Structures are given as C-alpha cells and as structure tokens.
Amino acid sequence: MHRRSQFILRRHLSHLHFHSGEPASHTFPRSIPPPCSTAISFRVCDSIPPMATFGLADYDDLLRGCTRRRAIKEGRVIHAHMIKSHFVTSVRLANRLLVMYVKGGSLEDARQVLDGMSQRDVISWTAMMSGYSQHGRSFEALEQLPRMLRTGATVHRRRLGSADVDSVAYLRGNGQLRHLESSGCLGSPEAPQMVNIRSILPNEYTLATVLPSCTGHSGQDHGRQIHSLAVKSNFDSHMFVGSSLLDMYSKVGEVKDARRVFNMLPHRDVVSCTAIISGYAQSGLDEEALKVFQQLQREGMECNYVTFVSLLTAIAGLAALDFGRQVHGLVIRSELLFYVVLDNSLIDMYSKCGSLKHSRRVFDNMPERSVISWNTMLMGYGKHGLGREVVQLFKSMFREVKPNGVTFLAVLSGCSHGGLIDEGLDIFGYMVSDQRLKPEIGHYGCLVDLLGRAGRIEEALDVIKNMPYEPTSALWNSLLGACRLHAKISIGEVVARKLLDMEPDNASNYVILSNIYAASGRWQDVARVRESMKLKKLTKEPGRSSIQLDKVMHIFFSSDRSHPRRKEIFDKITEVCERIKAAGYVPDLSCVLHDVDDEQKESILLGHSEKLAIAFGLMGNACRESIRITKNLRICIDCHNFAKYVSNVYQMEISLRDSSRFHLVAGGACSCGDYW
DNA sequence: ATAGGGTTAG
C-alpha cells in the first residue's frame, strides 16, 4: 500500500482507534445500535484520491476493526472507497462488509451487499440470516434458506485463473462487473462457459442461526423441516444445533420432542441444560425444570446467569420460597450479581413467592434498573393488592426510566386489584394524553376490570363498545365476573351469550350461563343450557365448582394429624368462615387465616408443606388489603394467583394432574362468586 | 468472515 494513501485513509478515520484496548467484558449485555440509513456515503470519501490503492489485507484489517467497534459510519467510508477505486474484491472481503453491516445493525445495507454479490458462500447467507434472526425478523431470516439452497443453479462463468470465482466482482449491481470485464481483470476474455455450481448447503452455523426464527404459527412446520435438514447433514447432534433444536421444540410447545433432542446430545453443557430448564419452565413443568437443575448441580456444572434466570422462573411458578432463597444464595456465591436481568428475575421470584420485602430489597440494591425492573416490582405490589404502593412507585420511576405499555398494564391492574378506581382512570388518561401511548387491548381490559369491580358496569360496557379492538373472550369474562358480583343479571346474560357464541365448545361458558339463570331462579333455562351441554358432550366438566372449603381443610390437616391444637384451629377457622359467609362475602382461606391470631397461624403454617405455607403466607399479605376493600367497596378480591397455588397444593397432595381444570374451577369460581 | 440458552404483562 502506498504510504501516502494509507496516511490519507487513516486520517479520515482518525477518530477511530484501531488498537486493541477494548474492555474485555461488560457487566451489562450491550445492545446493538439501531439500523442506520441504507445510503452508502460516497460524499464522505470524496477527498480520498481514487488512485489510492489498498491491498486485500488492508481492507480486511480496516473492516475487521469497524466490525469489532460497531463503527458502521467508518465502514461505509471504506466500502465507498472500495467501490470508487474499483477494488476487485473477494467473497471473503464481501462477507467482511456484510458482517460489518449486520453487526452494526444496518440490515438494509447488509442485504444490499448480499444481493449485489455475484457469488456467495454459506457464510454470506448465514451472516444475513443471523442479522434478521437477531432483530426478530424471523420471516426474512427463514426466507434466505431456500434462496441459499436454490443458488446452485447453472451460472455463466469465465475462466478466472487461480483466483477462481472468488475474484468475480460482487458489485455487479453497481456496474463494477462491466468495468472489470473491460479492463481484463476477470482473466482472459474467452467465451463464457456454463458451469454447474453445487447447491450451497447449510452448515452447523446456519442451522443454529435460523432455528430461533421458527416461532409463531408455522414455527413448528419450519422447525421440523430444518430438523430434517440437520439430520441429513449430520448436524442434529451438534451441540449448538441441538440446543437450538430443543429450544425450538419447547417454544412451539413440544416439550417431549425437546427432551428427545436433549437426550440425543453427545454430552450436556450449560447452554443445552439451560435451554431445557427454560423449556420446562415456560411449559409450566416447573418441577421438571428443578430436577434438571439438581442433576446439573450434582454433575458439578458451572451455571451462568441465564441458567439462574430460567431456574428462577420455575421457582416462581412453584412459589417455592425456601428453594428460591437457596438459589439466591448460590447466585451471590457465584458472583453473578448485578446482572439486570438476573436481578429482575429475583424480584419476580420473591414477589411470586409472597415475599415483597425481599423483592424490594433486591430492587433497592440494584446499581442500575431497567424498565422491566420497575414493571416487575409494580406487578408484585399489584398482585398483592397494594394499590397505594403501586401508585407511589409509579410516580417515582420517571426520574430513572420511561414507562412503557407493560408499565401501564401493571399500574392499571394494580389499581384495579387495590380498589383505586379514580386513580386508575386518571392514569389511563395520563397514558393516552401525556405519554402518547396507544392503549393495547390489554389496557382496555384493565379499564373494564377497574370499572367492573367498582360496579360501574354500564361504563365498562361503553369502553368495550368504543375501543378500537374486537373484544376477546377474556374481556367478556372479566365483565361477566363483575356482573355476577354486582348482580347485574340482565347484562350478565347478554355477555354470557356472547361468550357462548364466541366459544361454543367451551364448557365453562355453559356453566356460567346456567349459573346466571340459576341466580335469577330461571330453572327451565338452566335445564335447557345443561341439555345443550349434554348434546355437545361437554358434561365431563364439573357443573359447579367441586372444590369445597372443607376439602381444602381436609388436605390441610391430613398432612399433620397429630398436631396438638388441630381441633382448636379447625374450629376457629370454621367459625371465621361462617362469619364471613354470613356477612355476604366469599370466604377465602387466606382471609380466614388472617383472622386467626398469629400464634395459631404460625402453628398451622409450621406443620405443613412449604408450598401450602407460602401460598397462605402470600395471600396473608394480600388479604389484609382485600378484606378492607371487600368491606368498604363490596368488591371481590382477585384470586387468580391464589387459584394457582391451590392447584399446586392439590396436585401435590392428591396427585391430580389436570391443573388446567383446577385453574378453571378455582379461578372461575372466584370470579363467579362461587365458593371453592 | 457465519452459531445455541434469559427477565415483566395477557
């Protein structure tokens, strides 16, 4: 390279530091900058003399530097210079450019490079797919795979000498090829020959890259096709491909297939184990997730923060506080603290296990918080019915982060659960007018819930009618719950019929409708609904909630029959329960426990399984507020979470596997005002 | 020059 031109180019790029002094690791994962404009800047390099010549190695060096530092602007200057000086490039160098744009997040530029290449190899395609995949552009990522496989058609090729196809200009689209041809750069100008180039096959990199894009409706279809490609090319037991495969299967809901792939792996590493843990956790098979982790521990495998994040999700699902605390201890000992994502998971785990104190402690000790940290904390308060804390925390988050859509979901549902009707309405207005966020259907759902709980059914109905979305069945269900709670029989009937129209095969809709008829004494209508249920063969589901308080009691005591004060406690609980029922409220075991004095409560909790204790401990926090709300506003507490714990308990104690039924019964019963 | 697992909400 000429000294002078080297000097000139370096001076243009003088603000870049191409020495290797990069900090090795970052405490927080660094995000990729947003895509840049697609225009390749010719203007910037106008002052670089076009006669300046650089060698392949020089460009290679410069582009590598740009890629590493995500210096896309400077990369563009180099790219433009390559074009201007008619540099004959190679596939290798074109790939450098492509990767530079991909890593810099400028996918449109990368695509331009790819499409302009007259010759591409598996790396070119993989790099492009990686770009699309990492930016959530799954469709485009997958789209490249058949394009790549089709490339092996017959092509014109001139004799190129030793440099072979690598020397073909990739810049055909920019008119470079003609120039190269006329200047004789492409070897002796003999007649072009037709050459068959073999189809470019995916390698292990390609497969591992595209598999995460197999999501959504056709995800499983695509995933299985790619799996078969992997089998054909013998990459299906490759560690990277395998963990992508098993992750793909668990994400499309085929955990069994995920496990099959996991078992086929030649060995296990942290990533594949984490993938299966996360798969189990996401499918609700929390105990399976824990088992894998325990096995991992026994094998002495080193965990990283992603493993813990996945594990904490499973622990949160089980409400296993003690185990969660142990894992928190492990996290501290692994010196993995101060990963925002990990701390967020800890906050969530503690709040779902009922220990808001611990949640808050983690939250307060974070050196840096993301919007998810705030949202998780807000959710925690909301689920426990602590509306005031929700609003207070919401007000203080602005100095640190900007709230997003999920924030408002958390705050609105927090207000709803906490009985803060006017505050909730204010915040919805604030969201729309001040924050200029377009409410999603979920936000309208919160609004409906908020108004419904307060008995403002007509207003809730207005919201549904005027919102710019088609109401979902969940939304109608929420309104229906409110109708039952406030004895709005006529609106309730309309809503229930609507639900039945939307989901004619959902047994619980028949149950709801017949309950409404029963509530207004229309027994003939009840019989008609039951009859149509029978015709549809939907009668297997219980007609009413089959979980009775006394059954819970039975299980509650069966695990500790020898407790000295068993009888006394039982009597006390029964008495309180009767009192609540007599007052016209729905008894909830957690409310009952609240009224038992501390010593008795402790003796109950101590003698029983961890899950049960935690479940009640959690609702003990929540019910303080809910009893107040129930009494002041005559609205029912939200039992969604509690239903989850009850189902856990039941599964454990009487080994009933059908948890969805318990969710349905326990959750449905609460919103319908039935006794469980 | 290309590669795998992660957090809130419903």
Side-chain angles (χ1 to χ4, degrees), chain A residues 29 60 63-64 67 90-100 102-103 120-131 133-134 148 202-212 235 238-248 250-251 258 261-262 265 269-279 281-282 303-313 316 339-349 351-352 369-380 382-383 404-414 440-446 449 472-475 477-478 640:
Chain A
D60 201 68
L63 288 174
R64 198 174 50 207
T67 305
S90 59
V91 172
R92 183 192 160 87
L93 211 49
N95 285 346
R96 275 271 195 232
L97 273 170
L98 181 50
V99 171
M100 192 261 307
V102 163
K103 293 272 157 77
R120 313 171 187 93
D121 62 10
V122 66
I123 295 174
S124 330
W125 291 108
T126 306
M128 194 69 243
M129 291 179 208
S130 157
S133 182
Q134 233 118 67
M148 178 179 98
N203 64 13
E204 66 273 38
Y205 288 77
T206 323
L207 297 170
T209 302
V210 284
L211 277 165
F235 286 125
H238 181 278
M239 287 307 289
F240 280 39
V241 178
S243 31
S244 285
L245 266 175
L246 85 83
D247 189 55
M248 178 275 293
S250 74
K251 289 215 168 79
V261 175
F262 183 67
L265 291 177
D269 64 2
V270 206
V271 176
S272 52
C273 291
T274 305
I276 196 79
I277 289 176
S278 137
Q282 276 162 16
C303 297
N304 58 29
Y305 82 98
V306 185
T307 320
F308 285 116
V309 167
S310 307
L311 178 66
L312 286 166
T313 310
Y339 276 76
V340 178
V341 176
L342 183 50
D343 283 346
N344 292 347
S345 295
L346 282 167
I347 296 173
D348 190 49
M349 180 275 290
S351 92
K352 286 190 177 143
R369 282 173 283 263
S370 68
V371 68
I372 295 181
S373 323
W374 290 88
N375 292 350
T376 310
M377 199 64 233
L378 287 167
M379 279 295 165
K383 281 233 172 89
N404 62 14
V406 179
T407 311
F408 285 98
L409 281 179
V411 176
L412 290 173
S413 89
E440 287 164 29
I441 188 156
H443 296 106
Y444 287 104
C446 289
D449 209 40
T472 59
S473 58
L475 197 57
N477 253 314
S478 153
H640 175 78

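Keep in mind it's a predicted model, so treat the numbers as computed, not measured. Letters A, B, ... mirror the listed sequences (proteins, then strands); counts begin at 1.
- One atom, OH of Tyr205(A), and another, P of dA3(B), lie 8 Å apart when rounded to the nearest Å.
- Side-chain atoms of Phe240(A) lie closest to dA3(B) of the nucleotides dT2(B), dA3(B), dG6(B).
- If you check distances only, the side chain of Tyr339(A) never reaches the base of dG6(B) with a donor-acceptor pair under 3.5 Å.
- Separating the CE atom of Met129(A) from the P atom of dA1(B) is a distance of 20 Å, rounded to the nearest angstrom.
- Just one of Thr67(A), Thr126(A), Leu63(A) meets the side chain to side chain contact (heavy atoms under 4.5 Å, CB included) condition when paired with Val99(A); it is Thr67(A).
- Side chain of Glu204(A), nearest nucleotide from dA3(B), dG5(B), dG4(B): dA3(B).
- When the P atom of dA9(B) is taken as reference, atom CG of Asn344(A) falls 11 Å away, rounded to whole Å.
- Residue-level contact check: Ser370(A) touches neither bases nor backbone, having no heavy atom under 4.0 Å from any strand.
- With distances taken from any side-chain atom of Ser130(A) to the nucleotides dA1(B), dT8(B), dT2(B), the minimum falls on dT2(B).
- Checking dA9(B), dT2(B), dA3(B) against the side-chain heavy atoms of His238(A) singles out dA3(B) as nearest.
- Rounded to an integer number of Å, the gap from Ile372(A) CD1 to dA9(B) P is 10 Å.
- Here the side chain of Val306(A) is nearest to one of dT2(B), dT8(B), dG5(B), namely dG5(B).
- Counting to the nearest Å, the C1' atom of dG6(B) and the CE atom of Met349(A) are 16 Å from each other.
- Thr126(A) comes within 4.0 angstrom of a base, heavy atoms only.
- Using a 30° and 60° split on the angle between ring planes, Phe408(A) and His443(A) fall in the perpendicular class, above 60°.
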Practice task
Before giving the answer on side chain to side chain contact (heavy atoms under 4.5 Å, CB included), spell out for Asp247(A) and Ser244(A) the whole-Å C-alpha distance, their side-chain angles and the decisive distance to 0.1 Å.
Solution key: CA-CA 5 Å; Asp247(A) 189 55; Ser244(A) 285; 5.7 Å; no

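- Evaluation of atom-type donor-acceptor distances gives a pair under 3.5 Å for the side chain of Thr274(A) against the base of dG5(B).
- When rounded to the nearest whole Å, the span between OH of Tyr305(A) and P of dG4(B) equals 13 Å.
- Atom-to-atom, CG of Asn404(A) to P of dG10(B) comes out at 14 Å; the value is rounded to the nearest Å.
- The listed nucleotides are dA3(B), dG4(B), dT7(B); the one nearest the side chain of Asp269(A) is dG4(B).
- At the phosphate of dT7(B), OP1 or OP2 sits under 4.0 Å from a side-chain N or O atom of Gln282(A).
- Within the 4.0 angstrom heavy-atom criterion, no nucleotide atom of any strand lies near Asp60(A).
- Taking the side chain of Ser278(A) as heavy atoms from C-beta on, and the options dT2(B), dG6(B), dA9(B), the nearest nucleotide is dG6(B).
- For Ser345(A), the listed nucleotide lying nearest its side chain is dT7(B); candidates were dA3(B), dT7(B), dG6(B).
- OP1 or OP2 of dT2(B) lies within a sub-4.0 Å distance of a side-chain N or O belonging to Lys103(A).
- For the pair Leu93(A) CG and dT2(B) C1', the computed distance is 16 Å after rounding to whole Å.
- Inspection of the Thr376(A) and Asn344(A) side chains reveals no N or O donor paired with an N or O acceptor under 3.5 Å.
- Considering only side-chain atoms of Val270(A), the nucleotide from dG5(B), dG6(B), dA1(B) that sits closest is dG5(B).
- To the nearest 0.5 Å, atoms OG1 (Thr313(A)) and CG (Asp348(A)) are separated by 7.5 Å.
- The side chain of Lys251(A) lies closest to dG6(B) when the candidates are dA9(B), dG6(B), dT2(B).
- Rounding to the nearest 0.5 angstrom, the gap separating the CG atom in Leu378(A) from the CG atom in Leu409(A) is 11.0 Å.
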